[in-house]
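All figures in this text were calculated on a predicted structure; none of them were measured in a lab. All ligand and atom numbering here is 1-based and tracks the order in the structure. Quick note: residue numbers are just sequence positions, from 1.
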Amino acid sequence: MEDKLSNAQKILKEYSQEHLLHFYPELTEAQKNNLLNQILNLNFKEILDLYEKSKFDVLDSTENIEPLDYTIKSDLTYSKKKQYISLGTKAIKLGKVGVITLAGGQGSRLGFNGPKGTFCLDIEPKKSLFEILCDYLKKYSLKYKISIPWYIMTSTNNYFDTITFFEKNNFFNYDRSNIIFFTQENMPIIDINGKLVLSEIYKINMASNGNGNLFSSLKRANLIKDMENRKLQWLFISGIDNVLLDPLDPIFIGYTINSKLEIGSKTLFKENPKDLSWVFARKNGKPSIVDCENFTEQISLIQDKKGKYLYREKNMLAHLFSLKAIKSMSDVKLPYHRAFRKNPFVNSEGMKQVPDSPNIYKFEQFVFDAFSYFKDIALLRVNAEEEFCPIKDFNGPYNPEIAAKKYEEIVLK
Ligand code: UTP
């Protein structure tokens with residue numbers, strides 16, 4: 001233990017993080033061991049480099065930005081729609097499509113204690129977000145007498161609670177062997193002075209490192225092999241919280257397959273040109289999502305000759321990736337983005353404190369950064385009224401009350 005301690009002290013000194021051992025003398029032997037192991041296994045250089053570099057995040061510029069082509073779902077002709085439905089349905093029926101749910105977020109805006117997927121929608125009978133998703137899968141499983149593999153990514157923090165919840169609910173009577181859980185990785189969070197933070201006096205505060213960690217996590221869990229064994233060809237990827245999103249929408253699946261591209265994404269129209277949301281565009285020749293904060297109005301107004309807006313497609317986290325695409329991404333290290341968030345911390349008296357406003361930086365990888373590794377992407381704009389109603393917090397436009405109302409109106413109608 002003495003050796004371990006002196007090694008840890010050396011590392012902390014090198015990176016000016018000595019405060020992490022502030023409570024060390026008060027800890028039990030097991031706690032001491034736990035904290036030292038954490039320190040010795042962390043890559044401080046990587047984390048602090050990220051922190052330093054991300055201070056100087058370069059905003060996108062209009063240079064090197066070109067439009068991406070897209071199709072509006074409601075504009076599809078009857079025959080096109082029929083063609084896509086037939087292609088999509090065929091792939092589903094043949095068992096070529098699986099579903100990946102990204103459920104490793106902290107749900108910090110919702111402030112719900114537990115995995116976000118276990119949050120219940122106030123409908124009759126009450127349903128959790130996990131059950132709502134499972135219902136969509138069951139609809140197709142029953143209709144086509146198949147079993148659709150459902151991969152659920154959790155954080156290391158909510159893995160156990162997620163599985164326990166499924167067990168308690170008898171896996172919603174879905175085929176147990178087709179629900180596959182796996183965990184993503186963590187990154188330490190950092191305060192505004194560049195210091196790592198304790199979540200307990202014996203534990204460094206780690207948070208899940210963004211939904212873009214999906215690809216490498218699938219590989220780590222040997223699930224790409226599993227997908228190959230199950231002869232999957234397409235994987236639908238989405239978050240846990242959009243109650244209107246059908247993961248097996250045959251039109252979208254058929255549309256993407258028909259495009260002959262490796263990836264597809266549903267988009268939403270950016271109604272307000274002043275909206276700062278990032279939009280789909282080709283950046284340096286590659287499909288991307290661009291941060292148009294400093295030129296949002298400027299590019300929002302650009303239209304082609306037919307009056308089609310060129311830069312108004314927003315990301316709604318609903319993507320279809322070929323298995324080949326997922327496999328190719330599993331060896332890529334995606335970049336990290338920095339987010340300023342509220343997170344409980346241990347104060348100098350060793351007490352846990354919940355801040356009123358954002359106090360720490362989190363580092364996250366995003367699925368959408370994978371787009372630029374492909375030559376093109378099939379974009380299908382959907383109607384937000386029909387397909388987009390996530391739960392993000394209690395007071396904003398995406399709250400549980402609205403989600404329950406919309407779900408009743410649109411899905412349970
Ligand atoms: P959000 O960014 O909306 O995060 O994630 P969140 O956890 O739902 O809520 P906030 O931002 O903390 O308030 C979109 C989707 O990506 C998943 C989330 O679970 C959600 O389904 N996600 C996010 C992960 O799977 N892992 C992560 O590290 C972050």
Side-chain angles (χ1 to χ4, degrees), residues 50 99-119 121 128-134 136 150-159 161-162 165 180-189 205-218 220-221 223 235-245 247 265-266 268 277-278 289 291 314-319 321 326 329 334-344 354-355 357-370 388-400 403:
L50 261 180
V99 171
I100 298 175
T101 299
L102 307 165
Q106 286 185 304
S108 49
R109 283 168 286 175
L110 191 63
F112 170 67
N113 195 11
K116 197 171 178 181
T118 66
F119 181 83
L121 212 58
S128 65
L129 293 175
F130 278 130
E131 183 169 7
I132 285 174
L133 248 170
C134 192
Y136 285 110
W150 184 17
Y151 299 88
I152 301 174
M153 183 168 85
T154 75
S155 63
T156 48
N157 283 339
N158 67 22
Y159 179 74
D161 290 348
T162 302
F165 184 78
I180 305 110
F181 301 93
F182 64 106
T183 54
Q184 65 175 108
E185 293 171 294
N186 292 312
M187 273 297 259
I189 60 176
N205 201 335
M206 309 280 285
S208 42
N209 63 349
N211 57 33
N213 194 238
L214 164 71
F215 307 104
S216 55
S217 295
L218 282 172
R220 220 169 4 95
L223 290 178
L235 277 305
F236 180 78
I237 303 171
S238 74
I240 180 63
D241 51 18
N242 181 4
V243 299
L244 299 186
L245 186 63
S265 187
K266 285 190 171 181
L268 298 171
S277 307
W278 297 24
I289 304 264
D291 171 5
K314 297 200 286 186
N315 181 19
M316 60 177 272
L317 188 48
H319 317 304
F321 273 57
I326 289 188
M329 287 311 302
L334 288 176
Y336 276 95
H337 299 257
R338 180 165 110 160
F340 198 36
R341 293 280 162 81
K342 265 206 291 196
N343 218 288
V354 181
S357 52
N359 60 325
I360 55 92
Y361 294 109
K362 260 181 88 174
F363 295 94
E364 296 190 309
Q365 297 176 317
F366 294 147
V367 167
F368 69 64
D369 275 320
F388 189 67
C389 196
I391 296 178
K392 291 295 176 194
D393 56 26
F394 280 97
N395 304 314
Y398 299 121
N399 64 59

* Asked: Would you say Asn213's side chain and Glu185's backbone share a donor-acceptor pair under 3.5 angstrom?
  -> yes

* Structure fact -> Those residues at least two apart in sequence (or on a different chain) that pass ring pair (Phe, Tyr, Trp, His ring centres under 6.0 Å) with Phe181 are Phe166

* Got a sec, which residues hit ring pair (Phe, Tyr, Trp, His ring centres under 6.0 Å) with Phe388, two or more places apart in sequence or on another chain? -> Tyr398

* **Every residue of the protein that comes under 4.0 Å of ligand 1, judged on heavy atoms** => Leu102, Ala103, Gly104, Gly105, Gln106, Gly107, Ser108, Arg109, Lys116, Met153, Gln184, Ser208, Asn209, Gly210, Asn211, Gly239, Ile240, Asp241, Leu317, Arg341, Glu364, Lys392

* Residues forming a ring pair (Phe, Tyr, Trp, His ring centres under 6.0 Å) with Tyr159, sequence neighbours excluded -> none

* Phe340 and Asn359: which non-hydrogen atoms are nearest, and at how many Å? -> CE1-C, 3.8 Å

* For the ring pair His319 and Phe236, is the centre-to-centre distance below 6.0 Å? -> no

